[in-house]
Amino acid sequence: MNNNIEVTLLSKEEILSNSRVLQKVGKECNYPYWTRTKSHPYCGQITNEIFTPEGEFEINFPCHYNGVRPVLKYDKSEDFIKTLKTNYENGIEVVEYGQYPDFKKRINISDISKLKWTKKYYYLVKGWPQYYSFTILKYPEYKHYNGNKFIYINNYFYKIKPVKFYVDKENNMLISKNILFFAPINIRFNNKKYNGDFKTSQLYKFLNNEFIRNLKPNKDITTLLKENQKLKSEIEAKKEKLEKLREVIQENKELINQSNILNSEIEKELKGRSKVLKIF
């Protein structure tokens with residue numbers, strides 16, 4: 001795990017629960033996605049539950065490719081969330097954490113000479129139909145002159161975009177709005193330790209190593225929390241200064257009022273003396 005963040009998948013029980021977030025935003029995605037729940041063995045082999053766009057659970061062999069909808073679990077969610085960009089959709093809090101390639105749309109870039117390598121790589125599970133190997137490949141990230149970032153895979157460009165998560169405070173987790181990529185859970189020829197417990201799978205290992213390193217912002221959570229605390233302290237110090245300034249301004253107003261009163265009294269006294277002098 002990275003910075004106390006565990007990356008996992010929704011379980012069948014969590015999808016079926018009365019989670020206010022999932023009830024509000026829906027549980028389905030455009031493609032079937034893996035759950036971390038083990039299903040009944042089929043022909044003596046381990047199977048896993050997937051959740052379909054039709055809202056049904058089906059069993060599938062872990063070597064098959066299905067959507068991966070990551071879930072971030074963090075032991076200090078309140079502090080973690082405070083460091084992230086937040087907005088609301090249909091009354092549900094949504095945060096942005098890191099960036100990742102958007103595979104929903106291929107981008108055409110006519111002049112690749114305007115692309116510059118950022119010296120960053122994205123690690124991705126090699127696409128289907130390679131059922132015999134859980135292979136992780138790395139792809140360089142490029143930056144366009146207009147500021148957009150892309151990766152280049154099999155003659156296509158894909159834009160790098162912020163990743164959005166629904167905030168599920170009831171269950172202390174962040175649920176990805178979308179399926180981020182497709183992958184098997186485990187290829188038994190590479191990893192015979194997989195016993196149906198998601199934590200023993202190759203996908204779990206990938207999510208909590210290469211994936212989270214790619215996903216996380218340039219600054220780690222500890223640094224963000226320290227900067228957040230520093231900013232709070234600076235704000236409090238400025239509030240104190242502002243309050244003192246207000247006190248000084250108020251004191252100045254009182255002094256000005258007293259000065260005006262004295263000036264008025266002096267003027268009255270001078271007028272009185274002037275009248276006395278005229279009599280004599």
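Below, all heavy atoms of this structure are taken into account, side chains as well, without hydrogens, waters or symmetry copies. If you're wondering where the values come from, they're calculated on a predicted model, not measured in any experiment. By convention here, the first residue in the shown sequence is residue 1.
- A distance of 6.0 Å or more separates the ring centres of Y74 and Y97.
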Step by step, work out the side-chain hydrogen bond (donor to acceptor under 3.5 Å, both in side chains) result for T200 and N195.
CA-CA 7 Å; T200 65; N195 57 14; 3.3 Å; yes

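- Donor-acceptor pairing under 3.5 Å is recorded for the side chains of S19 and D168.
- A heavy-atom distance below 4.5 Å is found between the side chains of L10 and I175.
- For the pair K138 and Y123, the cation-pi criterion (under 6.0 Å, within 45° of the ring axis) is not fulfilled.
- Grouping the Ile, Leu, Val, Met, Phe, Trp and Tyr side chains by contacts below 4.5 angstrom, directly or via other members, places I59 apart from I50.
- Between Y139 and Y122, a ring centre-to-centre spacing not shorter than 6.0 Å is recorded.
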Mind running side-chain hydrogen bond (donor to acceptor under 3.5 Å, both in side chains) on N257 and N260 for me, showing each step along the way?
CA-CA 5 Å; N257 288 334; N260 290 336; 4.5 Å; no

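- Note that K177 lies outside the cation-pi zone of F165, set by a 6.0 Å cut-off to the ring centre and a 45° limit from the axis.
- Taking NZ of K205 as the reference point, atom CZ of F198 lies at 13.5 Å (rounded to 0.5 Å).
- Y142 has its ring centre no less than 6.0 Å from the ring centre of F150.
- Under the 6.0 Å cut-off for aromatic ring centres, F134 and F189 do not qualify, their centroids lying 6.0 Å or more apart.
- Annotation: side chain of N66 is in contact with side chain of N60 (closest heavy-atom distance under 4.5 Å).
- Each of F57 and F61 belongs to its own hydrophobic cluster when Ile, Leu, Val, Met, Phe, Trp and Tyr are linked at side-chain heavy-atom distances under 4.5 angstrom.
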Give the intermediate values and the outcome of side-chain hydrogen bond (donor to acceptor under 3.5 Å, both in side chains) for residues N155 and Y152.
CA-CA 7 Å; N155 300 319; Y152 183 68; 3.2 Å; yes

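- Partner of E6 under the salt bridge (charged side-chain N to carboxylate O under 4.0 Å, His left out) criterion, chosen from K73, R36, K199: K199.
- Between L180 and F211, some side-chain heavy-atom pair lies under the 4.5 Å cut-off.
- Cluster membership for W117 and Y100, using ILVMFWY side-chain heavy atoms within less than 4.5 angstrom, is shared.
- A continuous path of ILVMFWY side-chain contacts below 4.5 Å connects I112 to I160, so both sit in one hydrophobic cluster.
- Between the CG atom of L245 and the NZ atom of K238 there is a distance of 14.0 Å, given to the nearest 0.5 Å.
- Within the 3.5 Å criterion, the main-chain N or O of Y33 finds no donor-acceptor partner in the side chain of T35.
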